[in-house]
Amino acid sequence: GQDVYTYYSGGAGNFPERSKWVSFNQMFTANAVNMRVSCANNGWGANDSEEEIKLIRQGIDSVAQISGVDHRFILATIMQESVGCVRAPTTNNGVINPGLMQSHNGVSFNPSDPAGSIRQMIIDGTQGTASGDGLVQGLNKYGDVYRSARVYNSGSIASSGDLSDANGATACYVSDIANRLTGWVNGAHNC
């Protein structure tokens with residue numbers, strides 16, 4: 001993969017096939033650079049420690065194994081939602097979205113239990129919470145990563161099927177996820 005951004009839109013068939021995705025190891029190594037500075041860069045507090053970054057990787061490994069969700073999709077969602085900052089703030093646009101994956105009413109980072117809270121943030125975003133769906137539910141319903149990503153971000157897919165239709169959320173969300181999966185990290189964003 002290359003660190004370049006290609007704008008994707010339309011239906012899921014217009015987005016890159018899995019064979020075009022970079023390996024999880026390559027993706028994690030490239031994105032760890034941003035994890036090391038993302039908290040301070042966004043004004044969210046102290047940057048992730050090396051131990052916290054290690055716990056993110058362990059959490060992804062564990063939850064991917066349990067849930068059957070591709071490691072790379074979990075990591076792409078973490079980078080999209082929080083740039084990997086364990087201290088990312090909770091947003092509330094009518095729904096409380098805390099943590100690494102800005103899950104639906106899940107948990108946020110607990111400095112007294114970094115390992116447990118980091119793993120739980122990844123579980124909440126991947127497997128969902130009692131309040132809302134995670135990546136698994138979208139994958140089960142739609143069968144592909146891209147429609148799952150659209151539903152994760154906006155709660156539904158526009159009737160046109162165009163995954164770049166924000167449907168009340170982030171228009172570039174699915175294109176960003178696709179680019180993260182194919183190696184984009186810091187290249188110019190043209191969406």
Side-chain angles (χ1 to χ4, degrees), residues 5 24 27-64 67 69-138 145 148-155 166 168-181 184-186 189 191:
Y5 191 97
F24 177 67
M27 189 178 175
F28 195 91
T29 300
N31 282 283
V33 173
N34 286 341
M35 288 181 198
R36 290 182 181 97
V37 297
S38 63
C39 298
N41 283 353
N42 287 290
W44 298 336
N47 282 321
D48 290 353
S49 68
E50 290 303 314
E51 179 63 20
E52 289 164 345
I53 292 169
K54 180 178 159 191
L55 291 170
I56 291 170
R57 185 176 182 122
Q58 289 173 350
I60 292 170
D61 285 339
S62 170
V63 176
S67 68
V69 175
D70 192 298
H71 293 70
R72 298 167 293 182
F73 186 29
I74 297 171
L75 177 57
T77 305
I78 288 171
M79 296 309 293
Q80 184 68 23
E81 294 288 349
S82 67
V83 201
C85 175
V86 298
R87 283 168 274 290
T90 296
T91 58
N92 186 349
N93 297 316
V95 175
I96 295 169
N97 299 122
L100 282 169
M101 296 180 76
Q102 297 290 286
S103 64
H104 191 135
N105 206 24
V107 304
S108 56
F109 183 69
N110 178 352
S112 299
D113 182 18
S117 63
I118 288 170
R119 185 171 185 276
Q120 189 62 50
M121 287 187 279
I122 297 169
I123 289 170
D124 291 347
T126 303
Q127 296 183 259
T129 66
S131 299
D133 290 347
L135 302 178
V136 165
Q137 289 77 15
V145 163
S148 176
R150 171 50 42 210
V151 170
Y152 188 81
N153 178 243
S154 62
T170 306
C172 295
Y173 191 89
V174 183
S175 184
D176 289 355
I177 292 288
N179 278 278
R180 292 181 189 288
L181 292 168
W184 173 65
V185 179
N186 293 313
H189 185 272
C191 178

For this session: Examine distances only and state if a side-chain atom of S82 and a backbone atom of I78 form a donor-acceptor pair shorter than 3.5 Å.
Result: yes
Seminar exercise, completed: Separation between CG (L75) and CD1 (I56), nearest 0.5 Å, reads 9.0 Å
For this session: Would you please test L55 and R119 for side-chain contact (heavy atoms from CB on, under 4.5 Å) and show each step?
Result: CA-CA 8 Å; L55 291 170; R119 185 171 185 276; over 6 Å; no
For this session: Sequence neighbours left out, what pairs pass salt bridge (Lys or Arg N to Asp or Glu O under 4.0 Å) with at least one residue falling in residues 33-47?
Result: R36-E50
For this session: Determine the minimum heavy-atom distance between N47 and E52, stating which atoms define it.
Result: O-OE1, 4.0 Å
For this session: Give every residue pair that meets the salt bridge (Lys or Arg N to Asp or Glu O under 4.0 Å) criterion with at least one member in residues 120-132, sequence neighbours excluded.
Result: none
For this session: Output all residues satisfying ring-ring contact (aromatic ring centres under 6.0 Å, His included) with F28, sequence neighbours left out; order by chain, then residue number.
Result: F24
Exercise. Taking side chain as C-beta onward, heavy atoms only, is L181 less than 4.5 Å from M27?
Worked result: yes
For this session: Check the angle between the aromatic planes of H189 and Y5 and answer parallel, tilted or perpendicular using the 30° and 60° thresholds.
Result: tilted
Seminar exercise, completed: Contacts satisfying disulfide (SG to SG under 2.5 Å) that involve residues 82-128 (not counting sequence neighbours) are C39-C85
For this session: State, to 0.1 Å, how close P114 and S112 come at their nearest heavy-atom pair, and which atoms those are.
Result: CD-C, 3.6 Å
Seminar exercise, completed: Of all heavy-atom pairs linking I177 and A149, the shortest is CG1-CB, 4.2 Å
For this session: First locate atom CD1 of I122, then atom CD of Q58, and finally report the distance between them rounded to the nearest 0.5 Å.
Result: 10.0 Å
Problem set entry | Minimum heavy-atom distance between V107 and S117, given as atom pair plus value | CG2-O, 4.1 Å
Exercise. Are side-chain heavy atoms of R87 and D48 found at a separation under 4.5 Å?
Worked result: yes
Using residues 94-102 as the side-chain source, report each donor-acceptor pair under 3.5 Å to any protein atom, sequence neighbours left out, with the distance given to one decimal.
| residue | atom | partner | partner atom | Å |
| --- | --- | --- | --- | --- |
| N97 | ND2 | Q102 | O | 3.3 |
| N97 | ND2 | S103 | O | 3.1 |
| Q102 | OE1 | T91 | OG1 | 3.1 |
| Q102 | NE2 | P89 | O | 3.1 |
| Q102 | NE2 | N97 | O | 3.4 |
| Q102 | NE2 | G99 | O | 2.8 |

Exercise. Which atom names give the shortest non-hydrogen contact between R150 and A169, and what distance separates them?
Worked result: NH1-CB, 4.2 Å
Exercise. Quick one: salt bridge (charged side-chain N to carboxylate O under 4.0 Å, His left out) partners of E81, sequence neighbours excluded?
Worked result: none
For this session: Could you pull out all residues at least two apart from A171 that satisfy side-chain contact (heavy atoms from CB on, under 4.5 Å)?
Result: A166
Exercise. Does N153 use its side chain to pair, donor to acceptor, with the backbone of T170 at less than 3.5 Å?
Worked result: yes
For this session: Taking salt bridge (charged side-chain N to carboxylate O under 4.0 Å, His left out) as the test, write out the residues that go with D70, two or more places apart.
Result: R18, R72
Exercise. Which residue pairs pass the ring pair (Phe, Tyr, Trp, His ring centres under 6.0 Å) test when at least one of the two sits in residues 72-123, sequence neighbours left out?
Worked result: none
Exercise. Under the 3.5 angstrom rule, does the side chain of S131 hit a backbone N or O of N105 as a donor-acceptor pair?
Worked result: no
Seminar exercise, completed: Taken in chain and number order and not counting sequence neighbours, the residues that satisfy side-chain contact (heavy atoms from CB on, under 4.5 Å) with Q137 are D133
Problem set entry | Euclidean distance, N110 CG relative to Q120 CD, rounded to 0.5 Å | 11.5 Å
Problem set entry | By side chain to side chain donor-acceptor pair (under 3.5 Å) - contacts of N34 (at least two apart) | N186
For this session: List the atom of Y152, the atom of T77, and the distance in Å for their closest heavy-atom pair.
Result: CE2-CG2, 3.7 Å
Problem set entry | Under 3.5 Å donor-acceptor, N179 side chain and S175 backbone | yes
For this session: Measure the CD-CG distance between Q80 and D176 for me, rounded to the nearest 0.5 Å.
Result: 4.0 Å
Exercise. side-chain contact (heavy atoms from CB on, under 4.5 Å) with V136: which residues, sequence neighbours excluded?
Worked result: S67, V69, T126, Q127, N140
